[in-house]
Amino acid sequence: MSKITVGTFLEKKAAKEKITMLTAYDYSTAKLLDKAGVDSLLVGDSLGMTMLGYEDTLSVTLEDMIHHAKAVKRAATHAMVVCDMPFMSYHISVEDAVRNAGRIIKETGSQAVKLEGGAAVKDKIEAIVAAQIPVMGHIGLTPQSVNAFGGFKVQGKSEAQAKQLIEDAKMLEAAGCFSIVLECIPEKLATVISESIQIPTIGIGAGAGCDGQVLVIQDMLGMYDNFTPKFVKDYASLNEHIVEAVKVYCEEVRSGAFPELKHTFKIDEEILKKLY
Ligand code: KIV
């Protein structure tokens with residue numbers, strides 16, 4: 001399989017081929033997703049919830065992102081690795097945003113960064129793109145704005161909000177983004193946005209009119225049950241399998257059924273005698 005690049009994303013949109021993306025935060029999971037042929041691995045700051053147990057993504061640091069993205073990148077032979085810029089790593093100044101995007105690329109080997117927002121981040125995106133770092137935009141329900149939104153709510157339902165999102169998407173394209181995540185917006189609005197721009201849209205809770213889809217891997221495999229959004233489809237229920245397997249392991253250790261002879265190593269009898 002050939003390596004996916006930002007160019008492949010644009011080619012897929014032009015060819016009307018859907019783009020597949022999933023989040024990944026660790027080496028062994030990323031290796032499985034890459035083997036399955038997913039186009040892109042997103043080291044999302046959702047790792048704050050799925051990996052670190054926070055209530056939202058706001059506490060995630062640049063160091064957290066770099067640590068996880070390095071592991072994912074080691075596993076990716078085919079998929080393009082995109083790493084989220086965490087809250088406050090691109091908000092303070094253009095200089096800070098470029099420095100932090102540069103650290104992600106240099107230290108992790110990711111091929112692109114993703115950051116949230118519309119007009120407020122235009123200058124940061126332009127500067128990061130000018131530094132030759134591909135940027136994926138992210139609009140709609142942007143989880144780093146959870147406090148400003150007053151919760152995780154569907155965005156773009158009013159005429160004003162919907163028009164703003166269309167403007168934001170065009171602005172992100174003009175600022176140089178190679179792709180845009182549309183999160184939790186009405187399906188028909190996402191379709192209008194996708195048809196209004198030349199770069200691909202990657203939807204999560206934004207319906208089938210997007211140019212690609214992304215899901216949080218723990219959600220689609222049934223491994224994170226704190227909260228399951230409406231837009232998630234259960235492709236597996238690993239929770240149940242993991243809990244069942246661990247129960248059997250505990251029972252077998254307690255009863256002595258595990259380990260068996262085949263799980264152990266031998267020592268020469270003559271040496272053994274000398275140990276008593
Ligand atoms: O952090 C994340 O997982 C994301 C996806 C929800 C798009 O940004």
Side-chain angles (χ1 to χ4, degrees), residues 9 18-26 29-30 33 38-62 64-69 71-72 79-91 101 104 108 110 112-118 121 125 134-146 149 151-156 165 168-169 172 177-185 190 193-194 199-207 210-221 223-224 226-233 235:
F9 266 48
K18 297 283 185 185
I19 297 164
T20 57
M21 187 178 215
L22 285 167
T23 67
Y25 318 106
D26 69 276
T29 311
L33 307 187
V38 72
D39 294 319
S40 183
L41 297 170
L42 172 64
V43 187
D45 61 355
S46 50
L47 68 82
M49 292 139 103
T50 57
M51 294 283 110
L52 304 176
Y54 297 133
E55 271 186 21
D56 52 44
T57 58
L58 302 182
S59 309
V60 175
T61 65
L62 188 64
D64 291 332
M65 295 308 303
I66 289 174
H67 176 73
H68 286 272
V72 169
M80 178 167 75
V81 177
V82 180
C83 181
D84 257 346
M85 295 191 72
F87 183 54
M88 293 314 285
S89 69
Y90 56 95
H91 302 74
I104 290 176
T108 73
S110 299
V113 296
K114 174 167 84 58
L115 54 91
E116 299 181 4
V121 291
I125 292 175
V135 177
M136 179 176 270
H138 183 163
I139 54 175
L141 170 52
T142 44
Q144 292 174 14
S145 308
V146 60
F149 288 152
F152 294 106
K153 297 177 183 160
V154 178
Q155 301 294 306
L165 284 170
D168 282 344
L172 290 176
C177 286
F178 73 94
S179 172
I180 306 174
V181 167
L182 302 179
E183 179 162 355
C184 258
I185 65 172
I193 293 175
S194 303
I199 56 173
T201 57
I202 310 295
I204 174 161
C210 296
D211 303 303
Q213 298 292 324
V214 57
L215 282 176
V216 169
I217 188 69
Q218 269 72 16
D219 287 342
M220 61 93 78
L221 293 181
M223 291 177 72
Y224 179 81
N226 292 18
F227 171 70
T228 308
K230 174 184 173 181
F231 56 77
V232 172
K233 179 170 175 183
Y235 283 88

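Whatever order the structure lists ligands and atoms in, that order sets their numbers, starting from 1. From a predicted model like this one, the values you see are computed outputs, not experimental measurements.
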Atom OH of Tyr235: over 12 foreign heavy atoms under 6.0 Å: no

Neighbour count >12 (heavy atoms, 6.0 Å) for atom NE2, His91: yes

By side chain to side chain donor-acceptor pair (under 3.5 Å) - contacts of Ser40 (at least two apart):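 If we apply the side chain to side chain donor-acceptor pair (under 3.5 Å) test to Ser40, skipping adjacent residues, there are no hits.
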
Quick one: table the atom pairs, ligand 1 N or O against protein N or O, below 3.5 Å, distance rounded to 0.1 Å.
{"residue": "ligand 1", "atom": "1 (O)", "partner": "Asp45", "partner atom": "N", "Å": "3.1"}
{"residue": "ligand 1", "atom": "1 (O)", "partner": "Asp45", "partner atom": "OD1", "Å": "3.1"}
{"residue": "ligand 1", "atom": "1 (O)", "partner": "Ser46", "partner atom": "N", "Å": "3.0"}
{"residue": "ligand 1", "atom": "1 (O)", "partner": "Ser46", "partner atom": "OG", "Å": "3.3"}
{"residue": "ligand 1", "atom": "1 (O)", "partner": "Asp84", "partner atom": "OD2", "Å": "3.1"}
{"residue": "ligand 1", "atom": "3 (O)", "partner": "Ser46", "partner atom": "OG", "Å": "2.5"}
{"residue": "ligand 1", "atom": "8 (O)", "partner": "Lys114", "partner atom": "NZ", "Å": "2.8"}

Pairwise side chain to side chain donor-acceptor pair (under 3.5 Å) hits with a residue in residues 47-59, at least two apart: none

Partners meeting salt bridge (Lys or Arg N to Asp or Glu O under 4.0 Å) with Asp39 (sequence neighbours left out): Lys12

His138 side, atom NE2; Glu116 side, atom CD - distance, nearest 0.5 Å: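 Result: 5.0 Å between the selected atoms.
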
